[in-house]
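Heads up, the thing below is written out as structure tokens.
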2 protein chains.
Amino acid sequence: MKPDHFEVTSECTAVNEILSRVGDKWTVLVVNYLGNHPMRFNELRRTVSGISQKMLTTTLRGLERDGFVTRTVFPTIPPRVEYELTDLGRELLVPVRALGEWAIENEERVSAARKRFDAARGAAQEPFRPAGSMSEAAE
Amino acid sequence: MKPDHFEVTSECTAVNEILSRVGDKWTVLVVNYLGNHPMRFNELRRTVSGISQKMLTTTLRGLERDGFVTRTVFPTIPPRVEYELTDLGRELLVPVRALGEWAIENEERVSAARKRFDAARGAAQEPFRPAGSMSEAAE
DNA sequence: CGGGATCCGCATGGATACTG
DNA sequence: CAGTATCCATGCGGATCCCG
């Protein structure tokens with residue numbers, strides 16, 4: 001596959017679906033950790049650190065639904081639930097980590113470009129900035 | 001790189017940043033189209049089809065900010081603005097399209113798993129469903 | 001321990017109107 | 001043509017409380 005031309009009609013829909021799926025706030029983190037070894041709910045919760053149990057549940061349900069992880073319940077007391085990547089999940093991990101490597105390698109180029117852009121915009125005008133998220137604002 | 005173990009501490013942050021960046025509703029589409037050849041604003045607008053000019057502007061500004069596209073203004077009347085991928089943008093296109101290929105190849109496996117999951121949940125109980133987004137609900 | 005249910009703030013994104 | 005500005009709907013994600 002060369003970087004030129006790409007069937008953009010319907011393929012991009014699938015691409016965007018996967019990227020949106022995987023591009024949310026926690027999915028990649030969870031998948032990556034699960035890629036190392038199976039994990040229990042609270043183990044995962046502690047490891048990810050910062051995630052609420054609601055989002056962990058939501059994320060895991062989504063991954064389970066799409067066939068990326070399995071959820072195994074051991075009916076003991078207290079209950080024990082283990083999450084593990086499926087084959088599909090491990091296969092997904094490959095291109096995701098490829099993109100991950102790219103991200104790590106080019107992190108600085110991106111933030112450099114970002115700094116340049118923001119500096120150029122700030123130098124032109126703008127005595128002060130009343131409000132805004134931080135990345136989008138009127139010029 | 002093997003699919004086992006991955007430094008998850010700070011790397012995942014960069015990964016997730018890129019994925020969130022690229023995983024929004026329009027970025028991939030725009031980048032993919034621009035990967036074919038440079039394009040003007042309304043040309044892009046027509047090609048993407050479905051995007052509002054607000055979102056196209058936002059998406060392009062973000063891509064420009066991060067150094068993925070260049071914005072060239074021809075001070076003619078009427079004005080003419082061309083958008084083109086930078087080298088960084090074209091490099092990004094490679095892993096993104098790799099993930100894209102994965103997505104296309106495994107689309108059916110995912111939707112099959114999804115159907116299975118939904119069927120299993122629906123068969124268990126649920127006479128009717130009062131409300132909800134569609135992917136989250138009580139069991 | 002492993003969740004479900006609910007409330008709520010904030011960001012994303014669509015529609016519309018106006019401008020150089 | 002190529003935007004900017006504004007208003008508004010939806011949904012993601014966090015906090016809290018409760019349950020088996």
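Fair warning: this is a prediction, and the values are worked out from it, not measured in the lab. The analysis underlying the following values was restricted to heavy atoms, covering all of them including side chains, and did not include hydrogens, waters or symmetry mates. Labels below follow one simple rule: chain letters A, B, ... track the order of the sequence lines, proteins then strands, and each chain is numbered from 1.
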As a quick check of understanding, evaluate side chain to side chain contact (heavy atoms under 4.5 Å, CB included) for B:Q53 and B:F41, giving each step before the final call. CA-CA 9 Å; B:Q53 93 288 41; B:F41 187 85; 4.1 Å; yes
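Of the side-chain N and O atoms in B:R40, none sit less than 4.0 angstrom from OP1 or OP2 of D:dC1. Taking only side-chain nitrogens and oxygens, B:R71 never comes nearer than 4.0 Å to OP1 or OP2 of D:dA2. Regarding contacts with the backbone of D:dC1, every side-chain N or O of B:Y83 stays at 4.0 angstrom or more from both OP1 and OP2. For D:dC1, neither phosphate oxygen OP1 nor OP2 lies less than 4.0 angstrom from any side-chain nitrogen or oxygen of B:R45.
Straight-line distance from the CD atom of A:E82 to the P atom of C:dC1: 15 Å, rounded to whole Å. C:dA5 atom C1' lies 10 Å from atom NZ of A:K54, rounded to whole Å. As a whole-Å value, the separation of B:N16 CG from D:dC12 C1' is 14 Å. If you take CG of B:L60 and C1' of D:dA2, they are 11 Å apart, rounded to a whole angstrom. A straight line from CZ of B:R80 to P of D:dG3 spans 13 Å, rounded to a whole angstrom. A:M55 has its CE atom 18 Å from the P atom of C:dT6, to the nearest Å. Between A:R46 atom CZ and C:dG2 atom C1' there is a gap of 12 Å when expressed in whole angstrom units. Rounding to whole angstrom units, CD of residue B:Q53 and C1' of C:dT16 are separated by 9 Å.
In terms of position along DNA chain C, the nucleotide closest to A:P78 lies nearer the 5' end than the nucleotide closest to the other residue of the pair B:D24 and A:P78. When each of A:P79 and A:G50 is assigned the nucleotide of DNA chain D bearing its nearest heavy atom, the one mapping closer to the 5' terminus is A:G50.
The residues A:R80 and A:E43 are annotated as not salt-bridged, no charged nitrogen and carboxylate oxygen being separated by less than 4.0 angstrom. A salt bridge is defined here as a Lys NZ or Arg NE, NH1 or NH2 lying under 4.0 Å from an Asp or Glu carboxylate O, and A:K115 with A:D118 fails to meet this definition.
Between the side chain of A:E43 and the base of C:dG2, no donor-acceptor pair under 3.5 Å is found.
Rounded to the nearest 0.5 angstrom, A:N36 CG and A:L93 CG are separated by 8.5 Å.
The side chain of A:W26 approaches D:dG13 more closely than any other nucleotide in the set D:dG13, C:dG4, C:dG14.
A cation-pi arrangement, defined by a distance under 6.0 Å to the six-membered ring centre and an angle within 45 degrees of its axis, is absent between B:R65 and A:F117.
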